[in-house]
Amino acid sequence: METIEHSDQFFRLAHGSETDSVLTERSSTRVNLYQYQFNSSATRQLTNSTGTSLAPVSGNQSDILAYRSTRKGSVQIYIQAPGKKPVNTGFEDTIEFVSAMAWSGDDSHLVASLNNALYVYSLSKARWLEIETPFEQVHFVTYVGGDIIVSAREAGYWNLWKLADGDATQLTQNGGFSVQGKGDDLYYSKYEVPGLYRLDVNSGTESLLIQDFPIKSWRHWQYRKGTIYYLKEKALHAFSLDTGAEQVLYEFSGRVPSGCSVSSSLTSFVCEQIEMSTSNIWQFKLSD
């Protein structure tokens, strides 16, 4: 079989107007990351790519930022320290998809679920190491304290597990898909059930925190210092775990970002912003 054209911008195929032609949809999108300030309309562009820069993850102790980008043509994970240029972490294999990324508590390591497997990037060693798991498919991953918590599918159900020395301990029995937490408390969504939940790991008690939390928002929320931040409709919301009070922190005009990350200082947040998106129909000749 001969390759006629190769690009990640081609999508659906159909027969062309002639017997030796093919119609295809070709699209192009440019997405960059912007920093928003709370209580201000000011924004600042953080990335300048002709491709896509997506899924920002802010550090826990500093303004360090991790994200995935196609700035060099293929998907790679980049890390951008304050005041410095972004660094390609140099993941050696092809990255088909990135399910989740998270910084360790001291921002020294970045854990990522890449292609259904787990990897940790060490800033000091500047390299990726694979983490062995007993699962064929790993979805979400985060640090809770010094522990790595993942969502994985077993016997047809998604639940949360704690990893240690290659072993996995099941934490939830009634579902768990995206997760964050602190101490003995886990906060998580479920695969087919709306709502955001809390689990007391010691007692095993599950409680409902946000009843109308949408299923599709599993990528769109974050725990920071006693507060759950999440995107809903056209706004960034904040839900206090102490009081149960909820408030709108920022309302977006125009298209709502699909991913945001609040800074460790709680003074700003980083979001994806689509700058350009086009789609056209092309016809290719299969032979001269």
Side-chain angles (χ1 to χ4, degrees), residues 8 29-35 44-133 135 137-152 163 166 178-180 218-220 222 224 257-264 268-273 275:
D8 61 0
T29 303
R30 184 174 69 240
V31 182
N32 276 297
L33 301 180
Y34 284 73
Q35 184 182 60
R44 182 166 69 95
Q45 186 174 349
L46 298 182
T47 63
N48 185 17
S49 172
T50 57
T52 59
S53 295
L54 304 167
V57 181
S58 301
N60 294 307
Q61 299 294 331
S62 68
D63 289 332
I64 196 168
L65 186 70
Y67 58 93
R68 71 178 190 266
S69 180
T70 60
R71 59 186 297 156
K72 296 296 184 181
S74 60
V75 177
Q76 278 291 343
I77 307 299
Y78 286 81
I79 292 176
Q80 189 165 337
K84 296 184 179 180
K85 293 182 178 180
V87 174
N88 185 342
T89 60
F91 189 79
E92 294 183 354
D93 296 330
T94 299
I95 299 177
E96 300 292 342
F97 57 90
V98 182
S99 296
M101 298 189 297
W103 287 103
S104 61
D106 61 358
D107 296 342
S108 64
H109 292 80
L110 180 73
V111 67
S113 174
L114 310 176
N115 306 339
N116 275 331
L118 286 187
Y119 298 86
V120 168
Y121 182 81
S122 167
L123 263 65
S124 61
K125 297 179 180 178
R127 63 189 179 104
W128 290 97
L129 290 176
E130 186 172 1
I131 303 173
E132 292 187 8
T133 77
F135 308 111
Q137 189 175 3
V138 174
H139 174 64
F140 206 86
V141 60
T142 194
Y143 282 100
V144 177
D147 296 324
I148 292 178
I149 309 295
V150 303
S151 61
L163 300 181
S178 61
V179 58
Q180 294 182 43
W218 66 269
R219 286 184 184 270
H220 304 156
Q222 178 185 12
R224 282 280 194 218
S258 60
C260 293
S261 182
V262 176
S263 68
S264 61
S268 64
F269 57 102
V270 178
C271 293
E272 305 165 0
Q273 182 172 310
E275 298 176 332

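Residue numbers start at 1 and run along the sequence shown. Excluded from the calculations below are hydrogen atoms, water molecules and symmetry mates; all remaining heavy atoms, backbone and side chain alike, are included.
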Colleague: Looking only at atom types and distance, does a side-chain atom of Ser268 sit under 3.5 Å from a main-chain N or O of Ser263, one as donor and one as acceptor?
Modeller: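 Here the side-chain-to-backbone pair does not exist.
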
Colleague: If you take all heavy atoms of Met101 and Ala55, which pair is closest and at what distance?
Modeller: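 Nearest pair, atom of Met101 first, then Ala55: CE-O, 3.9 Å.
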
Colleague: Just how far is it from atom CG of Leu46 to atom CG of Asn48, taken to the nearest 0.5 Å?
Modeller: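 Here the rounded value is 11.0 Å.
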
Colleague: Less than 4.5 Å apart, any side-chain heavy atom of Thr70 and any of Val75?
Modeller: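 Thr70 reaches Val75 side chain to side chain.
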
Colleague: By ring-ring contact (aromatic ring centres under 6.0 Å, His included), which residues pair with Phe140, not counting sequence neighbours?
Modeller: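 If we apply the ring-ring contact (aromatic ring centres under 6.0 Å, His included) test to Phe140, skipping adjacent residues, there are no hits.
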
Colleague: What distance do Arg127 atom CZ and Ser122 atom OG have between them, rounded to the nearest 0.5 Å?
Modeller: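 So the CZ of Arg127 and the OG of Ser122 are separated by 7.5 Å.
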
Colleague: Would you please name every residue forming a side-chain contact (heavy atoms from CB on, under 4.5 Å) with Asn32, sequence neighbours left out?
Modeller: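 Asn32: side-chain contact (heavy atoms from CB on, under 4.5 Å) contacts with Arg30, Tyr34, Gln45, Thr47, Ser49, Ser53, Glu275.
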
Colleague: Restricting to side-chain hydrogen bond (donor to acceptor under 3.5 Å, both in side chains), what partner residues turn up for Ser113, sequence neighbours left out?
Modeller: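 side-chain hydrogen bond (donor to acceptor under 3.5 Å, both in side chains) list for Ser113, sorted by chain: empty.
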
Colleague: Is there a side-chain contact (heavy atoms from CB on, under 4.5 Å) between Leu163 and Leu118? Walk through the geometry before answering.
Modeller: CA-CA 11 Å; Leu163 300 181; Leu118 286 187; 3.4 Å; yes

Colleague: For residues Asn60 and Gly105, report the shortest heavy-atom separation together with the two atoms involved.
Modeller: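 Distance-wise, the nearest heavy atoms are CB-O, 3.6 Å.
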
Colleague: Just jot down the ring-ring contact (aromatic ring centres under 6.0 Å, His included) partners of Phe135, sequence neighbours excluded, or say none.
Modeller: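 Once residues adjacent in sequence are excluded, the partners of Phe135 under the ring-ring contact (aromatic ring centres under 6.0 Å, His included) criterion are Trp161.
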
Colleague: Who passes side-chain hydrogen bond (donor to acceptor under 3.5 Å, both in side chains) against Glu272, sequence neighbours left out?
Modeller: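 Listed in chain order: Ser258.
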
Colleague: Is a side-chain N or O of Asp106 found less than 3.5 angstrom from the main chain of Ser108, in a donor-acceptor match?
Modeller: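 The answer is yes, because a donor-acceptor pair under 3.5 Å joins these two groups.
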
Colleague: Compare every heavy atom of Ser99 with every heavy atom of Trp218, then report the nearest pair and how far apart it is.
Modeller: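 Closest heavy-atom pair between Trp218 and Ser99: CZ3-O, 3.8 Å.
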
Colleague: Ignoring hydrogens and geometry, is there a side-chain-to-backbone donor-acceptor pair from Ser69 to Thr52 under 3.5 Å?
Modeller: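 Looks like yes, one N/O pair under 3.5 Å.
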
Colleague: The criterion is side-chain hydrogen bond (donor to acceptor under 3.5 Å, both in side chains); which residues satisfy it with Arg68, sequence neighbours excluded?
Modeller: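 So Arg68 forms no side-chain hydrogen bond (donor to acceptor under 3.5 Å, both in side chains) with any residue.
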
Colleague: Any idea which heavy atoms bring Leu65 and Trp103 closest together, and the distance?
Modeller: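 Heavy atoms of Leu65 and Trp103 come nearest at C-CZ2, 4.2 Å.
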
Colleague: Quick one: list whatever passes side-chain hydrogen bond (donor to acceptor under 3.5 Å, both in side chains) with Asp63, sequence neighbours left out.
Modeller: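 Scan of Asp63 (side-chain hydrogen bond (donor to acceptor under 3.5 Å, both in side chains), adjacent residues dropped) gives none.
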
Colleague: Measuring only between side-chain heavy atoms, which start at C-beta, is Tyr67 closer than 4.5 Å to Val270?
Modeller: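 A side-chain contact is absent here, since even the closest heavy-atom pair is not under 4.5 Å.
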
Colleague: Is there side-chain contact between Ile64 and Leu123, with at least one heavy-atom pair below 4.5 Å?
Modeller: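 Yes, close enough: below the 4.5 Å cut-off.
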
Colleague: Would you call Arg224 and Ser58 a side-chain contact if the rule is heavy atoms closer than 4.5 Å?
Modeller: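 A side-chain contact exists here, since the closest heavy-atom pair is under 4.5 Å.
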
Colleague: Within the structure provided, determine whether Leu54 and Val98 are in side-chain contact (heavy-atom separation under 4.5 Å).
Modeller: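 The answer is no, as the side chains (C-beta and beyond) never meet within the 4.5 Å cut-off.
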
Colleague: Pairs in or reaching into residues 137-147: which pass side chain to side chain donor-acceptor pair (under 3.5 Å), with residues at least two apart or in two chains?
Modeller: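 As it turns out, there is no side chain to side chain donor-acceptor pair (under 3.5 Å) pair with a partner in residues 137-147 once direct neighbours are skipped.
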
Colleague: Donor-acceptor pairs under 3.5 angstrom involving side-chain atoms of residues 83-95: please list them, not counting sequence neighbours.
Modeller:
from  : atom 1 : to     : atom 2 : distance (Å)
Asn88 : OD1    : Gly90  : N      : 2.8
Thr89 : OG1    : Ile77  : O      : 2.8
Thr89 : OG1    : Trp128 : NE1    : 3.0

Colleague: Shortest non-hydrogen contact from Gln222 to Gln180?
Modeller: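 Result for this residue pair: CA-NE2, 3.4 Å.
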
